[in-house]
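Presented below is the structure to which this report refers.
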Amino acid sequence: MHLMEKEIKNKFIGAFNKEPLMVSAPGRINIIGEHTDYNMGFVLPAAIDKHIVFAIAENGSQMHRLISYDLNDEIDVPANSIEKTEKHWANYLVGVIAQIQKMGKTLSGVDCVFGGNIPLGAGLSSSAALETGFAFALNEVFNLGLSKIEIVKLSQMAEHEYAGVKCGIMDQFASVFSEQDKVIKLDCRSLEYKLYPFKLDGYDIILCDTQVKHSLASSEYNTRRHECESGVAILQKYNPKIQSLRDVSPELLYQHKSEFNPTVYKRCKFVVEEIKRLTDACEALERNDLATVGKLMYSTHYGLRDEYEVSCSELDILVDIAEKSGAVIGSRVMGGGFGGCTINIVDKTKTNEFIDIATKGYKAQTGLDLLVYNVSIKQGTSIIN
Ligand code: ADP
Ligand code: MG
């Protein structure tokens, strides 16, 4: 057991004086496939070696006693009248309980201490880890018989209804279904998935955290969704089977360019090409050809910057530094945009050099401190022995 896990376990034993079940739930990255989820396309996520750890046990009462180790905060929640709390962090857990109850299952009280090392709000999905880890833990403690996909879906609903974030399903799916050294090609329409090998021989995955989050993100997100829908409406006239940009080939879109408003065209072009890039990246992974995946990642970034227009100067600066460093075979903004992290596939022999260049360059150009995470791909939510 690692130090962090021991700390959480000791905190639990100190607070509740019994042995807990220990569960770990990871954060995630997404290699390629951005803004494709709500267009019913594909994404390519994987869980990482940053996680939230839960120590949990039944307490035989009608009260849940929940302790956040990192925030040094706690809350008691009555088991039979679940509602939103004034503590933001607790709502992710309460939301999970509420969803399980909605499925007709009764839960008596649990004692739980949790904490972890996924940076909060950096786009690595600490919120999904919180939900899937707690759902997984409750499933074990009470023998609820929930399947993996049920855990994924109820966690997503917890985020919708108790955190008020209408997220897609990728984050929770990756947190639960990931496997070591593999990435998941997830079909966001059917939820079918396929694992592809992601062997990092000679490379590191380095995340560069801009530490900014521009407020444009949510309004622009809604605008993009509408722009995509209006593109679909144009093409549907030619083929009623077209339900989303997922059903549109790049060639079909190019043919009808003149019927589009130029902005809507650019948005749709990005999405249909992004779905194609993801498919190409999966083929490259089957050949263990990371160089091709890296090139596609750069193309994704330029598309997000110039066509989908969801990047920002901080992200562009980092991708530019990566490209010029000669150390990075692929770099792009990860997540919705307007801040968060870039994901970089870096030649291992040059990782330290790159981190140094990026840290100094970012500070010089933005005045901001760069946070850097070196991550590897790990299995999904599981019991810690
Ligand atoms: P992201 O999922 O990108 O990390 P979100 O804003 O969706 O960012 O979720 C972050 C929220 O999740 C935090 O504000 C906090 O309420 C909760 N959270 C995540 N990790 C922890 C943790 N280790 N301890 C307590 N709360 C956490
Ligand atoms: Mg989140």
Side-chain angles (χ1 to χ4, degrees), residues 2-5 7-9 11-12 22-30 34 37-38 43 45-56 64-75 77 84-97 112-137 152 155-176 178 207-215 217-218 221 310 315 333-343 371 373 375 381:
H2 294 105
L3 186 59
M4 186 179 85
E5 294 155 11
E7 279 174 37
I8 303 286
K9 185 171 180 179
K11 172 83 182 174
F12 181 94
M22 299 292 295
V23 166
S24 164
R28 63 104 192 89
I29 50 175
N30 185 29
E34 221 57 83
D37 56 346
Y38 54 85
V43 289
I48 55 175
D49 56 344
K50 294 198 172 292
H51 53 166
I52 298 179
V53 172
F54 298 79
I56 188 167
H64 300 297
R65 300 185 290 187
L66 311 172
I67 298 179
S68 161
Y69 184 78
D70 301 320
L71 303 178
N72 196 15
D73 199 5
E74 57 184 88
I75 191 169
V77 180
K84 269 192 202 171
T85 77
E86 79 287 1
K87 293 186 196 289
H88 187 64
W89 62 267
N91 285 330
Y92 295 96
L93 306 180
V94 167
V96 164
I97 296 170
C112 180
V113 179
F114 71 95
N117 59 5
I118 309 171
L120 275 59
L124 307 187
S125 272
S126 66
S127 62
L130 204 48
E131 295 144 5
T132 62
F134 193 55
F136 183 98
V152 168
S155 295
Q156 182 197 21
M157 289 318 291
E159 180 128 358
H160 284 195
E161 292 179 14
Y162 275 71
V165 180
K166 295 262 184 255
C167 58
I169 202 159
M170 167 171 75
D171 300 349
Q172 289 81 6
F173 200 97
S175 188
V176 170
S178 281
L207 307 178
C208 292
D209 188 345
T210 60
Q211 307 228 59
V212 301
K213 198 164 208 176
H214 295 292
S215 56
S218 70
Y221 175 85
V310 293
L315 291 163
V333 44
M334 191 174 75
F338 301 105
C341 292
T342 63
I343 174 171
L371 276 182
Y373 320 114
V375 299
T381 306

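Both counts, for ligands and for their atoms, begin at 1 and track the order of listing.
Within the structure, the closest approach of Pro119 to ligand 1 falls below 4.0 Å when heavy atoms are considered. Residue contact annotation: Tyr69 has no non-hydrogen atom under 4.0 Å from ligand 1. Taking 4.0 Å as the cut-off, Ile118 does not count as a neighbour of ligand 1 on heavy-atom distance.
Here the straight-line distance linking atom CD1 of Ile56 with atom CD1 of Ile8 works out to 13.0 Å at 0.5 Å rounding. Taking CZ of Phe173 as the start and OG of Ser125 as the end, the distance is 14.0 Å to the nearest 0.5 Å. Interatomic distance, Lys50 NZ to Asn117 CG, rounded to the nearest 0.5 Å: 5.0 Å. Taken to the nearest 0.5 Å, the CD1 atom of Ile52 stands 8.5 Å off from the CE atom of Met4. A distance of 13.0 Å separates OH in Tyr162 from CD in Glu131, rounded to the nearest 0.5 Å.
Remark: ligand 1 and Gly123 share an N or O pair separated by less than 3.5 Å (distance only, no angle test).
For the side-chain contact (heavy atoms from CB on, under 4.5 Å) with Phe54, the lone residue among Leu130, Val113, Thr381 that qualifies is Leu130.
Counting protein heavy atoms only, atom 13 (C) of ligand 1 is closest to Leu120 CD2, 3.7 Å. The protein atom (non-hydrogen) at minimum distance from atom 14 (O) of ligand 1 is His88 CD2, 3.6 Å. Annotation: atom 24 (N) of ligand 1 to nearest protein heavy atom, Phe114 CE1, 3.4 Å. Given atom 18 (N) of ligand 1, the protein heavy atom at minimum distance is Leu130 CD2, 3.6 Å. Of the protein's non-hydrogen atoms, Ser127 CB, 3.4 Å is the one closest to atom 9 (O) of ligand 1. Scanning all protein heavy atoms for the shortest distance to atom 19 (C) of ligand 1 gives Ser126 OG, 3.1 Å. The protein heavy-atom contact nearest to atom 12 (O) of ligand 1 is Tyr92 CE1, 3.5 Å.
Other residues, nucleotides and ligands contribute only 12 or fewer heavy atoms inside 6.0 Å of the NZ atom of Lys11. Enclosure of atom NE2 in His160 by more than 12 non-hydrogen atoms of other residues, nucleotides or ligands within 6.0 angstrom is indicated.
Distances from the Mg ion (ligand 2) show that Ser127 has an N/O/S atom below 2.8 Å.
Remark: ligand 1 atoms within the under-4.0 Å shell around heavy atoms of Leu71 are 25 (C), 26 (N). Of all atoms in ligand 1, listed by their number and element, those nearer than 4.0 Å to a heavy atom of Ile52 are 20 (N). Every atom of ligand 1 is numbered from 1 in the order shown, and the set under 4.0 Å from a heavy atom of Ser68 is 24 (N), 25 (C). Interface atoms of ligand 1 facing Trp89, defined by a heavy-atom separation under 4.0 Å, are 16 (O), 26 (N). Distances below 4.0 Å separate heavy atoms of Asp70 from the following atoms of ligand 1: 22 (C), 23 (N), 24 (N).
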For side-chain contact (heavy atoms from CB on, under 4.5 Å), just list the numbers for Ile48 and Tyr373, CA-CA rounded to whole Å, side-chain angles, deciding distance to a tenth of an Å, and then say yes or no. CA-CA 11 Å; Ile48 55 175; Tyr373 320 114; over 6 Å; no
May I have the step-by-step check of side-chain contact (heavy atoms from CB on, under 4.5 Å) for Asp171 and Gln156, ending in yes or no? CA-CA 8 Å; Asp171 300 349; Gln156 182 197 21; over 6 Å; no
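Between Cys167 and Gln172 there is a side-chain heavy-atom pair separated by less than 4.5 Å.
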